[in-house]
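Presented below is the structure to which this report refers.
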Amino acid sequence: MEDRYPHREIEKKWQEFWQKSKLMKMAPSSAKPKFYCLMMFPYPSASLHVGHGRNYIIGDAVARFMKMRGYNVLAPMGWDAFGLPAENAAIKNNVHPKDSTANNIKKMKSQLYEWGVLYDWGREISSSNPDYYKWTQWLFLKLYHKGLTYKKEASVNWCPGCRTVLANEQVINGACERCASQVKQKKLKQWFFKITDYAQRLLDDLELLKEWPERVKIMQRNWIGRSEGSFIDFKVEGMNKTLSCFTTRPDTIFGATYMVLAPEHPFVGEIIKGSPEKVRINDFLEKIKGQSSFDRQFGQVEKEGIFSGRYVINPVNNEKIPLWIANYVLFEYGTGAVMAVPAHDQRDFEFGNKYNLSLQVVIDDPGCDLEASSMSCAFEGEGELVNSARFNGTGSKEAKEEIALWMQKNNMGKKTINYKLRDWLISRQRYWGAPIPIVYCDKCGIVPVKEENLPVELPHSIEFRPSGVSPLQDNKDFINTACPACGGPARREVDTMDTFVDSSWYYLRFLSPDNAEKAFDVEMVNKWLPVDQYIGGVEHAILHLLYSRFITKVFCDMGFVGFKEPFERLFTQGMIIKDGAKMSKSKGNVVSPDKLIADYGADTVRVYTLFIGPPEKDAEWNDRAVEGAWRFLNKVWKTAGSLLKSAAPEIRDEKLIKRLKKKSNEVIKKVTLDMEGSFHFNTAISSIMELVNEIKSVMDKQAKIDIESGYSNEGKKDYKNLKAAVESTVILLSPFAPHITEELWQALGNKASIFEKKWPEYDELILKEGFIPVIIQINGKLRSKIELARGSDEASLKTAALNDEKIKSYLKGKEIKKIIVIPDKLVNIVLV
RNA sequence: GGGCGAGUGGUGGAAUGGCAGACACGUGGGACUUAAAAUCCCAUGGCUGAAUAAGCCGUGUGGGUUCGACUCCCACCUCGCCCACCA
């Protein structure tokens, strides 16, 4: 019992020390190279579980490691403090979001403190603080004046039960997450950021992000969704009107046998006017409106449509084709109108089949003869064009280009590029967010608030009961204001900004968190950014990272920052799973760190969390396995303790000295490479475990030798060999288990913090010393092993292998075909 | 439907063309103890075998490349994640 390490005392002692000495404080005037290590700032929810901990522990280990590698490290932390949960809690528990947020921040900070996770707390920011959101509003105005902000009518998720607007994440399988009512679409006038202007650059510059995980880049690429194609114009018969559609398959234009409009298409209104089909069409439109956007989007709804009563003219052959309206066409993508080619598009095929629309084969399937009457599905592959006038016989691949150019020349259409990326809807009909700094004046219209009048402060006193409009609407003191242009009476915008706006620029604010004059200090930002290492969950792979990249590019264009991309290197850690599901409060499978830290200490929790598996992958939490980390730390404690108490043997045996030196060097190399590469904490820790096992084994062997030889040297022991190995262990372990290693480091006679110590170098010469094992295979199967000096030549390897007793017995009476020799590694004897 | 990732002992995982199962967890046995816990030591992929002799099998399935494949290529199966009627 006496030997078990007193984690409570030690951890308290060093946490206080680090806080007092401000260990992780960035030194602005340091000559060391900079390293900006950033963890995605969290939303302050009630309390952290061990799953959250993974993110902070990884970041802390990296920050401490880089500090020891000689970098001037910047590791700031802040709070993404606006958002829905606080507002929902306000509705439910009648606590003001400001108070609940403050309480949560307090609790989380104390948890981070107890984990031994260090930040430069002097740079703490909170996005719900007026000092911060003033600049979020400033960002809005900058985009507004640059023409990157506009207002238009758009659909929002509307819960009829709660009478409120929902964020996409709150819509679960088409229903409200709180009351389970079917979510409807409702039209509201909303503010947008024109991120689509940057679509191509956001796509192209992914190439610059060499140190981002490939999968994140692929997700962004898919999200931006660039596709090349053409706009093709169809004249409406009997009307002075042209409908344009977008297609990526101009090669199939001769097979277009009908055209389809999205129900939301503005032309639908014109058709209805004066149409004999008016009632039927209206009924249909009503029905489609009743279908939730979720179902429509996710293809849960059968394709359904109605003939408009109108015809359009296919420009390439002047054929008259019917114009339909159908639920399977998306209004938001392309032009909201598509040319239907049932022979070569599965969706059009299904729809055409249902409504008996005609079908024309225009691409020949090289595999079989396509017969319009007998096709059971569309042929979407490549082949030669048929029934396509002058383009017959052309390959479909070439025809795509040729027909597109030919139509462009003849004013039938235009080559174009389309993106799936939509503009960023930033309006939220919510209270707990940054107010949009816009004023509506009867005389002047939409007027932006003047920069010098920022921030537009959120009023504190508010009625939270959801009523379907922003809660700010009811606050007369807030909405009534003077027009910034004419000074007359005007009303404020009552919507607040999406919290993704807050988090799209926070990494800039950390460089000058208290600056009252500017959003950020340009000189500091240009010195410290891009962020060297960004760490966070893969769930932010698309939105947050895309928005941050967008805002950085906008600021770059305005000359506010001198870089195109905000995050140089990105690491996305996996989730912690418990009982088969992501650890979360709602699933009831959270493991609280508080009790684990009380029982085993923060170092144990940290080591286990990092040891659990590759950090980029999901991992199953196992409470019992935590004990393994605890046992390991105790083993380190005891091993170092026996040295400190002069109870360990003096390592004198030459062979044992060599073994210790070699293993220490191997492990220094392994841990260093694991940390420098892609954060293989699990194998780094396992190799430190091996080093500790080796030290113990060497100690046991030496003790045995001492007993056998009757050696005794009480009192005056020379521990330089053992001490070197123990010191290596302690240093290598320190980024992962900082408290116990600080304690041991001090006990070993060092004055300064272990984190002021330089990370050890390894000696390649020692690694290359001595004999190495060489494998001998016969026909690729391991048959024997020999030890040879490193660098032995091929001939001696061959001879040694052939003279091996075991191998000899295998070779008796067999004929050797050839021998493969890989120096320092293996000999493979291939038999006939 | 598309994209990405994964599949290795009882479990988490290691090995990225060259000794499969490092390091741990668990389990079994032993030591210590009046006893238990803790700790320490030994064993631990499967099969044949008295064996700590020897051998065979073995990284989701089937094929291929190679002197040699968990690793590379092709096809398939299963699971997970992201996107999804994007014309």
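Convention: sequence-line order gives letters A, B, ...; per-chain numbering from 1.
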Worksheet item: Given pairs defined as Watson-Crick or G-U wobble with both distances under 3.5 Å, what dot-bracket annotation applies to RNA chain B, with ( ) intrastrand, [ ] crossing, | other strand and . unpaired?
Response: (((((((..(((.....[....)))((((((.......))))))((((.....))))..(((((..]....))))))))))))....
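Rounded to a whole angstrom, the distance from the C1' atom of B:U78 to that of B:U61 is 10 Å. Across the C1' atoms, B:C4 and B:A54 are found 47 Å apart, a figure rounded to whole Å. Taking the P atom of each, B:G7 and B:U11 are spaced 14 Å apart, rounded to whole Å. Rounded to whole Å, the C1' atom of B:U59 lies 44 Å from the corresponding atom of B:A87.
Among B:C67, B:A87, B:G26, the nucleotide with an atom closest to any side-chain atom of A:Ser227 is B:A87. For A:Asn622, the side-chain atoms get nearest to B:C25 when compared with the rest of B:C25, B:A24, B:A87. For A:Lys696, whose side chain is taken as the heavy atoms from C-beta onward, the closest listed nucleotide among B:C41, B:C25, B:C83 is B:C41. Among the nucleotides B:G13, B:C67, B:A87, the one closest to any side-chain atom of A:Lys818 is B:C67.
Between A:Tyr608 and A:Trp621, the two ring planes are perpendicular [angle over 60°; tilted spans 30° to 60°].
Because its glycosidic torsion is more than 90° from 0, B:G45 is reported here as anti.
Rounded to whole angstrom, the span from the CZ atom of A:Phe736 across to the C1' atom of B:C23 amounts to 14 Å. Computed from coordinates, the A:Met689 CE to B:C25 C1' distance equals 10 Å when rounded to whole Å. Across the protein-nucleic acid pair, A:Ile576 atom CD1 and B:G12 atom P stand 14 Å apart, rounded to whole Å. The interatomic distance linking A:Trp630 (CH2) with B:G26 (P) rounds to 15 Å, in whole Å. Atom C1' of nucleotide B:C81 and atom CD of A:Gln573 are separated by 15 Å, given to the nearest angstrom.
For A:Ser796 (side chain) and A:Asp793 (main-chain N/O), a donor-acceptor pair under 3.5 Å exists by modelled atom type.
The residue A:Asn693 sits close only to the backbone: its heavy atoms come under 4.0 Å of sugar-phosphate atoms, none of a base. Residue A:Gly628 is classed as a sugar-phosphate contact, given heavy-atom separations below 4.0 Å to backbone atoms only.
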Taking only nitrogen or oxygen atoms into account, show me every contact under 3.5 Å that the protein makes with nucleotides 51-59 of chain B, one pair per line with its distance.
residue	atom	partner	partner atom	Å
B:G55	OP1	A:Tyr810	OH	2.5

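Between A:Tyr328 and the phosphate of B:A87, there is no side-chain N or O to OP1/OP2 separation shorter than 4.0 Å. Under 4.0 angstrom from either OP1 or OP2 of B:G80 there lies no side-chain N or O belonging to A:Arg215.
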Worksheet item: Which letter, B, S or -, goes with each nucleotide of nucleotides 15-22 of chain B from 5' to 3', with contact meaning a protein heavy atom under 4.0 Å?
Response: ---BB--B
